[in-house]
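Let me begin by presenting the structure, written as structure tokens, before commenting on it.
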Amino acid sequence: MYVKILYIELMNFNLKHPLCFLLILFSAQLQAQAQKKYVMVIHGGAGTILKKNMTPEKEAAYVAVLKQALQVGYDQIHSGKSSLDAVEASIHVMEDSPLFNAGKGAVFTHDGRNEMDAAIMDGSNMAAGAVAGVTVIRNPISAARAVMEKSEHVMMVGPGAEAFARQAHLEIVDPKYFYTRERWDGLQQAIKEDSLKAVLDHGSKKSMKLGTITKDYKFGTVGAVALDQAGNLAAGTSTGGMTNKKYGRVGDAPIIGAGTYANNATAGISCTGWGEFYIRNVVAHDISAMMEYKKVSLAVAAKAVLEKVGKMGGDGGLIALDRRGNVTMPFNTEGMYRGTVTADGKIEVLIYK
Ligand code: ASP
């Protein structure tokens with residue numbers, strides 16, 4: 001914005017002065033650079049996402065929803081709304097799509113329920129909100145935001161979180177709303193593998209057993225990080241967790257510092273992958289801490305932390321955006337649904353390596 005004012009001021013000045021001409025050139029260049037900085041980055045999960053397993057129709061469907069999510073978020077930022085508004089609006093699009101493991105399309109627990117987790121964080125004041133194990137809130141990311149803005153707490157779980165969401169006038173739906181045939185079949189497959197442990201517990205990438213959880217072949221969690229015109233960062237993550245999860249298992253997504261984190265001084269981060277590893281490595285906060293204490297760049301910090309997770313056996317990825325508009329999207333799986341939009345509105349969507 002300052003660059004734009006400088007540019008306009010110079011245009012009104014004495015254009016014949018040679019120094020003035022140079023300054024105009026310089027400010028125009030700065031403006032062009034500002035247009036290219038990233039204002040939003042999203043993900044729709046990482047995992048075994050291979051081109052050979054994808055039909056052109058399915059790929060087009062994923063790309064369309066990711067583009068829509070970016071456009072909706074960009075429109076918020078472009079119209080002067082906050083990064084929190086952009087993150088929430090963008091995640092709504094992905095929660096409402098059955099393609100992703102969040103909101104409609106969430107994976108099933110061992111008991112055949114959809115228990116969802118979500119978190120949001122405001123980098124300008126480090127306020128945060130999260131919900132876990134919720135079953136009737138149409139858009140869990142909005143419940144997380146309500147916890148942040150309308151309560152004194154950071155995290156609410158299960159029926160308590162749902163009662164709070166009702167009070168906050170959020171949309172409540174019948175649990176059947178979250179059902180999709182694909183996720184139901186995924187659960188049946190996972191249960192089958194669980195009971196055939198001796199045969200299938202061979203540690204292959206395709207049917208790795210995690211104690212009581214059989215890992216889905218891909219993770220479809222969704223997340224978004226945005227940088228608004230005021231220079232504020234926000235990050236959010238929403239998920240159904242992992243197929244066949246038991247005992248009220250909660251993943252990394254709603255845990256502030258593990259799967260979700262934002263701090264204007266460093267970056268906004270949203271993770272996807274094998275949650276237990278992200279919790280134990282406090283991944284999102286670790287990246288921010290490296291930037292804060294060691295003054296390393298976003299890309300270097302994110303790469304180092306993800307490598308550590310990978311060495312321990314955790315797979316997945318993350319998206320991150322810093323206050324200067326730099327983006328990084330590393331992952332150690334075959335693919336990750338991901339996309340970016342720059343200040344000039346240019347959208348880019350990627351799926352494979
Ligand atoms: N991180 C999520 C969890 O462990 C799963 C995912 O990313 O899809 O709950």
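Just so it is clear, the model here is predicted, and its values are computed rather than measured. Only this structure's heavy atoms are used, side chains among them; waters, hydrogens and symmetry mates stay out. Numbering of ligands and ligand atoms starts at 1, following listing order. The chain is numbered in sequence order, starting from 1.
Some N or O of Gly273 is nearer than 3.5 Å to an N or O of ligand 1, by distance alone. Taking distance alone, with nitrogen or oxygen atoms compared against 3.5 Å, Gly275 approaches ligand 1 more closely than that limit.
Ile319 is not listed as a side-chain neighbour of Val327, based on a closest heavy-atom distance of 4.5 Å or more. Contact of the Cys271 side chain with the Asp252 side chain is registered, since non-hydrogen atoms from C-beta on lie closer than 4.5 Å. Looking only at side-chain heavy atoms (C-beta outward), Leu187 and Asn244 come within less than 4.5 Å of each other. The closest side-chain heavy-atom distance from Asn139 to Leu170 is not below 4.5 Å. The shortest side-chain heavy-atom distance between Ile351 and Val63 falls under the 4.5 Å cut-off.
Using a 4.0 Å cut-off between charged side-chain N and carboxylate O, Arg280 and Glu276 make no salt bridge.
Under 4.0 angstrom from ligand 1, the non-hydrogen atoms of Arg249 all belong to its side chain.
Close contacts between ligand 1 and Asp252 involve ligand atoms 1 (N), 2 (C), 3 (C), 4 (O) [criterion: under 4.0 Å to a heavy atom]. Each of the following atoms of ligand 1 lies closer than 4.0 Å to a heavy atom of Met242: 4 (O). Ligand 1 places these atoms under 4.0 Å from at least one heavy atom of Thr272: 6 (C), 7 (O), 8 (O). Listed by number with element, the atoms of ligand 1 under 4.0 angstrom from any heavy atom of Gly251 are 9 (O). Listed by atom number, the atoms of ligand 1 under 4.0 Å from Gly241 heavy atoms are 5 (C), 9 (O). Taking a cut-off of under 4.0 Å to the non-hydrogen atoms of Gly220, the atoms of ligand 1 that pass are 8 (O).
The closest heavy-atom contact to atom 6 (C) of ligand 1, among the options Asp117, Asn101, Leu318, Thr221, comes from Thr221.
Under a 3.5 Å cut-off, the side chain of Asp286 and the backbone N or O of Val282 do not form any donor-acceptor pair.
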